[in-house]
2 protein chains.
Amino acid sequence: MKRTIETITYQQNTKVLATFAKALAHPTRIAILKHLENQSCCFTGDLVNVFPLAQSTISQHLKELKKAGLIQGELKPPKIKYCINTENWEKAKSLFQQFFD
Amino acid sequence: MKRTIETITYQQNTKVLATFAKALAHPTRIAILKHLENQSCCFTGDLVNVFPLAQSTISQHLKELKKAGLIQGELKPPKIKYCINTENWEKAKSLFQQFFD
DNA sequence: ATTGCTTATCGCAAATTTACGATTGGCTTT
DNA sequence: AAAGCCAATCGTAAATTTGCGATAAGCAAT
């Protein structure tokens with residue numbers, strides 16, 4: 001990306017909010033989260049049936065959401081049950097809330 | 001991006017929310033918007049002094065924010081005054097609000 | 001008409017994202 | 001030990017994003 005000037009340092013909240021926003025920056029991920037809000041939880045396979053996307057693609061989106069901390073996976077062999085990470089969800093909620101006033 | 005399956009159609013709100021989220025998905029853009037919230041308005045040049053980024057880079061971020069509808073520019077020759085687009089700001093606010101419940 | 005100031009746009013390079021199919025890995029059950 | 005399921009990861013390709021410097025464009029004042 002060719003950064004010649006020194007790296008910028010942002011406020012912690014700014015960075016965190018940007019991270020959450022990035023996780024929400026794709027319609028599929030929004031849709032997945034909406035699905036999780038309704039169902040409260042679901043398996044990867046369920047989503048593959050809901051969305052016309054390859055299993056690997058769904059898995060990648062889940063990885064993104066997990067990286068942002070918005071969801072968490074629980075081993076339920078042979079499946080994996082994904083749920084919303086309530087703590088971080090509330091964190092995101094309040095960050096967006098206070099950002100928009 | 002290699003889409004073999006038919007293009008997905010998302011709910012309108014899902015797409016719009018993702019667009020807003022994408023605009024917020026970079027710390028610099030969050031910081032610009034925070035700046036605009038405080039100052040209510042500002043010129044491109046102001047931001048160039050605030051952030052250690054090239055003028056062209058700032059301009060690009062402003063373009064992104066404008067594309068998402070979160071800000072609007074007003075000609076104030078020889079400068080351009082950027083303000084928050086209140087209507088869309090409220091739209092975004094309510095979309096995030098209802099998304100997080 | 002020329003100069004000066006401010007901002008947008010162009011051209012490029014590197015990094016990241018999104019998507020797919022194919023393969024691997026983990027855990028049960030046989 | 002082998003077979004079966006489900007989900008993650010790998011490898012690849014195309015598109016998009018982010019950043020810069022350089023150049024162009026718009027408008028005011030000289």
Side-chain angles (χ1 to χ4, degrees), chain A residues 1-10 14-15 18-32 35-36 41-68 71-83, chain B residues 1-10 14-15 18-32 35-36 41-68 71-83:
Chain A
M1 220 166 298
K2 229 172 34 176
R3 287 196 146 288
T4 51
I5 305 183
E6 81 275 14
T7 307
I8 309 177
T9 51
Y10 298 95
T14 299
K15 274 193 289 186
T19 301
F20 283 135
K22 197 174 173 187
L24 302 180
H26 195 286
T28 297
R29 291 197 290 271
I30 298 263
I32 288 174
H35 194 77
L36 282 176
C41 285
C42 79
F43 303 103
T44 309
D46 301 348
L47 298 170
V48 175
N49 292 326
V50 173
F51 302 101
L53 289 168
Q55 179 264 320
S56 55
T57 303
I58 298 288
S59 198
Q60 238 171 1
H61 281 304
L62 289 171
K63 191 182 176 184
E64 284 298 307
L65 291 171
K66 204 162 55 178
K67 198 180 74 185
I71 64 171
Q72 64 200 99
E74 188 191 341
L75 258 104
K76 218 79 175 175
K79 303 185 178 184
I80 294 175
K81 193 173 75 171
Y82 281 103
C83 308
Chain B
M1 221 166 296
K2 226 170 37 174
R3 288 196 143 289
T4 51
I5 304 181
E6 81 275 15
T7 306
I8 309 177
T9 50
Y10 298 96
T14 299
K15 273 193 289 185
T19 301
F20 283 136
K22 198 174 172 187
L24 301 181
H26 195 285
T28 297
R29 291 197 289 272
I30 298 265
I32 288 174
H35 194 78
L36 282 176
C41 284
C42 78
F43 303 104
T44 309
D46 301 348
L47 298 170
V48 176
N49 292 326
V50 173
F51 301 101
L53 289 169
Q55 179 264 319
S56 56
T57 304
I58 298 288
S59 197
Q60 238 171 359
H61 281 304
L62 289 170
K63 192 182 176 185
E64 283 299 306
L65 291 171
K66 203 162 57 180
K67 197 180 74 185
I71 64 172
Q72 63 200 101
E74 187 191 339
L75 259 104
K76 218 79 174 176
K79 302 186 178 185
I80 295 175
K81 193 172 76 171
Y82 281 104
C83 309

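In what follows, chains are A, B, ... by sequence order, proteins preceding strands, each numbered from 1.
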Exercise for the section: Could you check whether B:Lys22 gets within reach of a base, just the sugar-phosphate, or nothing at all, counting any heavy atom under 4.0 Å? Expected result: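 Touches sugar-phosphate only.
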
Search all heavy atoms of [X] against all heavy atoms of [Y] and return the closest pair with its distance.
{"X": "B:Lys22", "Y": "A:Ala25", "value": "CA-CB, 3.6 Å"}
{"X": "A:His35", "Y": "A:Val50", "value": "CE1-CG2, 3.9 Å"}
{"X": "B:Ala68", "Y": "B:Ala23", "value": "CB-CB, 3.6 Å"}

Problem - Which residue lies more 5' along DNA chain C, comparing A:Lys67 with A:Leu75 via nearest heavy atoms - result: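 Result of the comparison: A:Lys67.
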
Over how many whole Å does the gap from [X] atom [atom1] to [N] atom [atom2] extend?
{"X": "A:Leu53", "N": "C:dG21", "atom1": "CG", "atom2": "P", "result": "11 Å"}
{"X": "B:Leu47", "N": "C:dT6", "atom1": "CG", "atom2": "P", "result": "14 Å"}
{"X": "A:Phe51", "N": "C:dC20", "atom1": "CZ", "atom2": "C1'", "result": "18 Å"}

Problem - Which nucleotide in C:dG21, D:dC20, C:dA19 has an atom nearest any side-chain atom of A:His61 - result: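 Per side-chain heavy atoms of A:His61, the pick is C:dA19.
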
N/O-N/O pairs, protein side and nucleotides 2-10 of chain D side, under 3.5 Å:
| residue | atom | partner | partner atom | Å |
| --- | --- | --- | --- | --- |
| D:dA7 | OP1 | A:Thr44 | N | 3.2 |
| D:dA7 | OP1 | A:Gly45 | N | 3.3 |
| D:dA7 | OP2 | A:Gly45 | N | 2.9 |
| D:dA8 | OP1 | A:Tyr82 | OH | 2.1 |
| D:dA8 | OP2 | A:Ser59 | OG | 2.6 |
| D:dA8 | O5' | A:Ser59 | OG | 3.4 |
| D:dA8 | N7 | A:Gln55 | NE2 | 2.8 |
| D:dA8 | N6 | A:Gln55 | OE1 | 2.9 |

Practice task
For the helix from C:dA1-D:dT30 to C:dT30-D:dA1, figure out the bend between the end axes, five pairs an end, and round to 10 degrees.
Solution key: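 One end's axis against the other's: 10°.
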
How about [X] and [Y]: do any of their side-chain heavy atoms sit closer than 4.5 Å?
{"X": "A:Phe20", "Y": "B:Leu24", "result": "no"}
{"X": "B:Leu47", "Y": "B:Leu62", "result": "yes"}
{"X": "B:Lys63", "Y": "B:Ser59", "result": "no"}
{"X": "B:Ile71", "Y": "B:Ile32", "result": "no"}

Handout entry: Residues that A:His61 engages under side chain to side chain donor-acceptor pair (under 3.5 Å), provided they are two or more places apart
Key =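 Side chain to side chain donor-acceptor pair (under 3.5 Å) list for A:His61, sorted by chain: A:Arg29.
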
